[in-house]
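Heads up, the thing below is written out as structure tokens.
In what follows, every heavy atom counts, from backbone to side chain, and hydrogens, waters and symmetry copies are set aside. Just follow the structure's listing: the first ligand is 1, and inside any ligand the first atom is 1.
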Amino acid sequence: MAILVTGGAGFIGSHTCIELLNSGYDLVVVDNLSNSSMASIKKVEEITAKKVPFYNVDLLDKDSLGSVFLHHDFESVIHFAGVKAVGESTQNPLKYYQNNVMGTLNLCEVMQNHKVLKMVFSSSATVYSPSASGIMTEENLLGASNPYGRTKLMIEELLKDLSASNNNWSISILRYFNPIGAHSSGQIGEDPKGTPNNLLPYIAQVASGKLPIVRVYGIDYDTIDGTGVRDYVHVVDLAKGHIKALDKVKTSNGVSIYNLGTGKGYSVLEMIRAFERVADRKIPYKIEARRDGDVAICYADPSKAMLELGWVAVRDIEEMCEDAWRWQKNYPEGYTMSEMMNKF
Ligand code: WQD
């Protein structure tokens, strides 16, 4: 039996495919390649020396998705597919409700029709209401502040309703904090199309000369140095968390929810300094106004995942920056991997 990975060509999806293959799983990937490219699937095959059956399928195309289930015998689904830019979601909410919520509804219907009732779902720390301390346990108050986060919250609720309606469903919801870094080979990594929204790929592109200067969004927060503090977690640690969650859904029914973070927070300026050490160069930055929707501090209490999944993030901030920098250096200024593959 195989694992279906939706969105498996994406940043976290492709890294999880490597861990799945290295753990002996067979897998199938569906992805509409709207924010990724076949290049990452090819790299996963090179790194693992294993084949990855791939279908260019959009979850909004329920018939095509159903035919994938006719050709494979799935034991579980790891569901990454979705759009995830907070800023874009405020400009184009329909795109987010369509892709994330409608896409998941289609997936759950097809899974139910084929009696595939085990899912690991890619959720996000954006489902949490801001808290004074910034430390998030799974019991924290929920309340997303943007359409992207609200789609993740809606999906979590529909998965809970699904499980309540039929206790044969077994679902693990993983709330990611800030995934960064890259596979140690430097062959796959975060490959955002256009100008990166997130801090780390932006810093990496300034370090490589592709972008001129890092814009620091606010230095008047009540934090160690006034800049925003986040829980950055290595994408490979995150990927390994999915293997642990897969074991969980194999052996228990109902819905389980876990924070996947390190439990440590780093400020924007601390991240810039860490990257300067790793890239051995100054990284220019300028202080700008706060970004709408940002909170001062957000980091995980990851103890539940440690206790129940036996999962701990082991890679530190230096390794995250080293792996991100190795990946960034692999592509000449001006091209990311997907641009390279399309150009040459
Ligand atoms: C981190 C810090 C910014 C860019 C987002 C999504 C979340 C998840 C991870 C999907 C903040 C500051 C950023 C820049 C900056 N994605 N910053 N200059 O906003 O914590 O989380 O990505 O699940 O859903 O919300 O990540 O990297 O955008 O910001 O100063 O150019 O860096 O203000 O303090 P964020 P981020």
Which of the ligand 1 atoms, numbered from 1, are nearer than 4.0 Å to a heavy atom of [X]:
X      : result
Thr126 : 7 (C), 24 (O), 25 (O)
Ser124 : 23 (O), 24 (O)
Val86  : 6 (C), 25 (O)
Val216 : 30 (O)
Arg215 : 14 (C), 15 (C), 18 (N), 30 (O), 31 (O)

Which residue and heavy atom of the protein sit nearest [atom], plus the separation:
atom                    : answer
atom 17 (N) of ligand 1 : Tyr217 CD1, 3.6 Å
atom 27 (O) of ligand 1 : Leu199 N, 2.8 Å
atom 22 (O) of ligand 1 : Asn198 ND2, 3.1 Å
atom 12 (C) of ligand 1 : Val268 CG2, 3.7 Å
atom 26 (O) of ligand 1 : Asn178 ND2, 3.1 Å

### Message
Looking only at the aromatic ring of each residue, does the gap between the centers of Tyr55 and His72 stay below 6.0 angstrom?
### Response
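Close enough - the centres of the two rings lie under 6.0 Å apart.
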### Query
Which one of Glu138, Glu139, Glu156 satisfies the salt bridge (charged side-chain N to carboxylate O under 4.0 Å, His left out) criterion with Arg175?
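Only match with Arg175 under salt bridge (charged side-chain N to carboxylate O under 4.0 Å, His left out): Glu156.
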### Query
Any chain of hydrophobic side-chain contacts (each under 4.5 Å) joining Ile18 to Val233?
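In one cluster: yes.
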### Task
Apply the test ring pair (Phe, Tyr, Trp, His ring centres under 6.0 Å) to residues Phe80 and His242: give CA-CA distance (whole Å), side-chain angles for both, the deciding distance (0.1 Å), then the verdict.
CA-CA 11 Å; Phe80 293 106; His242 291 73; 5.0 Å; yes
#### Entry: Of the listed options Tyr221, Tyr232, Tyr148, closest to atom 1 (C) of ligand 1 (non-hydrogen atoms)
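Among Tyr221, Tyr232, Tyr148, the closest heavy atom to atom 1 (C) of ligand 1 comes from Tyr232.
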### Message
Minimum distance, heavy atoms only, to atom 8 (C) of ligand 1: which one of Phe177, Tyr176, Phe11 is it?
### Response
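That would be Phe177.
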### Message
Hydrogens and angles aside, do Asp225 and Ser267 bring a side-chain donor and acceptor to less than 3.5 Å of each other?
### Response
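Indeed, the side chains of Asp225 and Ser267 share at least one donor-acceptor pair under 3.5 Å.
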### Task
Examine Lys84 against ligand 1 and note whether any of their N/O atoms are separated by less than 3.5 Å.
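In this structure, Lys84 places no N or O atom under 3.5 Å from an N or O of ligand 1.
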### Task
Please examine the side chains of Leu260 and Trp311, heavy atoms only from C-beta on, and report whether any two atoms are closer than 4.5 Å.
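In short, these two side chains touch, coming nearer than 4.5 Å.
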### Query
Do Trp169 and Asn253 have side-chain heavy atoms sitting under 4.5 Å apart?
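No, side chains not in contact.
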### Message
Heavy atoms only, cut-off 4.0 Å: how does Asn197 contact ligand 1, side chain, backbone, both, or neither?
### Response
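Just the backbone.
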### Message
A cation-pi test, strictly: NZ or CZ of Arg290 under 6.0 Å from the centre of the six-membered ring of Tyr221 and no more than 45 degrees from its axis. Yes or no?
### Response
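Yes - Arg290 lies over the ring of Tyr221, closer than 6.0 Å to its centre and within 45° of its axis.
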